[in-house]
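Below is one structure, written out as structure tokens, with a few remarks after it.
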2 protein chains.
Amino acid sequence: MPEPFEELASLDRLVHEPARLAILTVLSACESADFLFLQRLTGLTKGNLSSHLSRLEEADLIWIRKEFSGKKPRTIVGLKERGRKAVDQHWERLEALREDTRKWRPVPNLGTP
Amino acid sequence: MPEPFEELASLDRLVHEPARLAILTVLSACESADFLFLQRLTGLTKGNLSSHLSRLEEADLIWIRKEFSGKKPRTIVGLKERGRKAVDQHWERLEALREDTRKWRPVPNLGTP
DNA sequence: AAGGACCAGTCTGTATTACAGACCAGATAT
DNA sequence: ATATCTGGTCTGTAATACAGACTGGTCCTT
């Protein structure tokens, strides 16, 4: 019984953080997305989004490619293998937890009687 | 399209934080639970658990009752109305996000073409 | 009576963190 | 020339989670 909860309490904060969870989840639905799109999607400031992306890249969860389309800079990001695994796993854990909890209901009290 | 993601990026950190999400989710499956049970469940130290519970109580999401069963102190916590709403809503948002993302697949690229 | 364990904290210190906003630099449009 | 768009870096700040020390009461053992 306690297993999924111990896991939950130690969820990977790198993935769990709302902004990054949003980014990763969006990326899991496409091959790539560009900086501006992600910024509008998440409502983050440039600086903030940039540092979140850097962290995800350092963690080897995403790749970041800088192109010039014409002379305009363009930053494109996408999921790496590890990233896809990480997001999928994260969602699975969350869902597993929720399901497990549902099965308990109704329980009057938990703890020492 | 972007709506659920803007929400996600601004998820209530009070509820989203792993330890508290675990606590709240457990509580949503029972009428009450006691301190020790929650501690073992989450693996948190006493001090840490205590402060998480305090925050949840301040936010009016849970109640905390101190009993003495015999002469042993016993701390029992449970969800308040607001708490139940908060957890349910949170999970709904997460699930909605995931569902929305699934529907997108497959999308080659998101952003300026 | 003294030592220790159990319970549920409070408090302190530390390290991490998310975030806004300032600044930067190259290119384009006015 | 000035302003704007691109995608950053850097700095400062306020909040944070967390461990571990300490408190203080009750119980049990010796």
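Each chain gets a letter, A, B and so on, in the order the sequences are listed, and its residues count up from 1.
At the phosphate of C/dG9, neither OP1 nor OP2 sits under 4.0 Å from any side-chain N or O atom of B/S54. The phosphate of C/dT10 (OP1 or OP2) has a side-chain N or O of B/S50 nearer than 4.0 angstrom. Contact check, A/T45 against C/dA20: a side-chain N or O comes under 4.0 Å of OP1 or OP2. Between A/H52 and C/dC19 there is a side-chain N or O to OP1 or OP2 distance below 4.0 Å. The side chain of A/S51 contributes no N or O atom lying less than 4.0 Å from OP1 or OP2 of D/dG8.
The two residues B/R84 and B/L27 make their nearest non-hydrogen contact at NH2-O, 4.3 Å.
The side chain of A/R13 has D/dC18 as its nearest neighbour among C/dA8, C/dC19, D/dC18. Closest to the side chain of B/K66, from the set C/dA8, C/dA18, C/dG9, is C/dG9. Of the candidate nucleotides D/dC18, C/dC7, D/dG8, D/dG8 has the atom nearest to the side chain of A/F35.
The CG-C1' distance, from B/L49 to C/dC11, rounds to 16 Å in whole Å. In this structure, the NZ atom of B/K46 is 10 Å from the P atom of C/dC6, given to the nearest Å. One interatomic measurement links the two molecules: CZ of B/R74 to C1' of D/dG25, which rounds to 18 Å at whole-angstrom precision. As rounded to whole Å, 18 Å separates atom P of D/dC5 from atom CZ of A/F68. Atom CD of B/E17 is separated from atom P of C/dT16 by 17 Å (rounded to the nearest Å). Whole-Å rounding puts the B/E58 CD to C/dG9 P distance at 13 Å. We find that CD of B/Q39 is positioned 13 Å from P of D/dC18, with the value rounded to whole Å. Between the CD1 atom of A/I64 and the P atom of D/dG8 there is a distance of 7 Å, given to the nearest Å.
Annotation: of the two residues near DNA chain C, A/N48 and B/L53, the 5′-most nearest-nucleotide partner is B/L53.
Proximity of a side-chain donor or acceptor of B/T42 to a complementary backbone N or O of B/L38 within less than 3.5 Å is detected. B/R20 places a side-chain N or O within 3.5 Å of a backbone atom of B/L14 that can act as its donor or acceptor partner.
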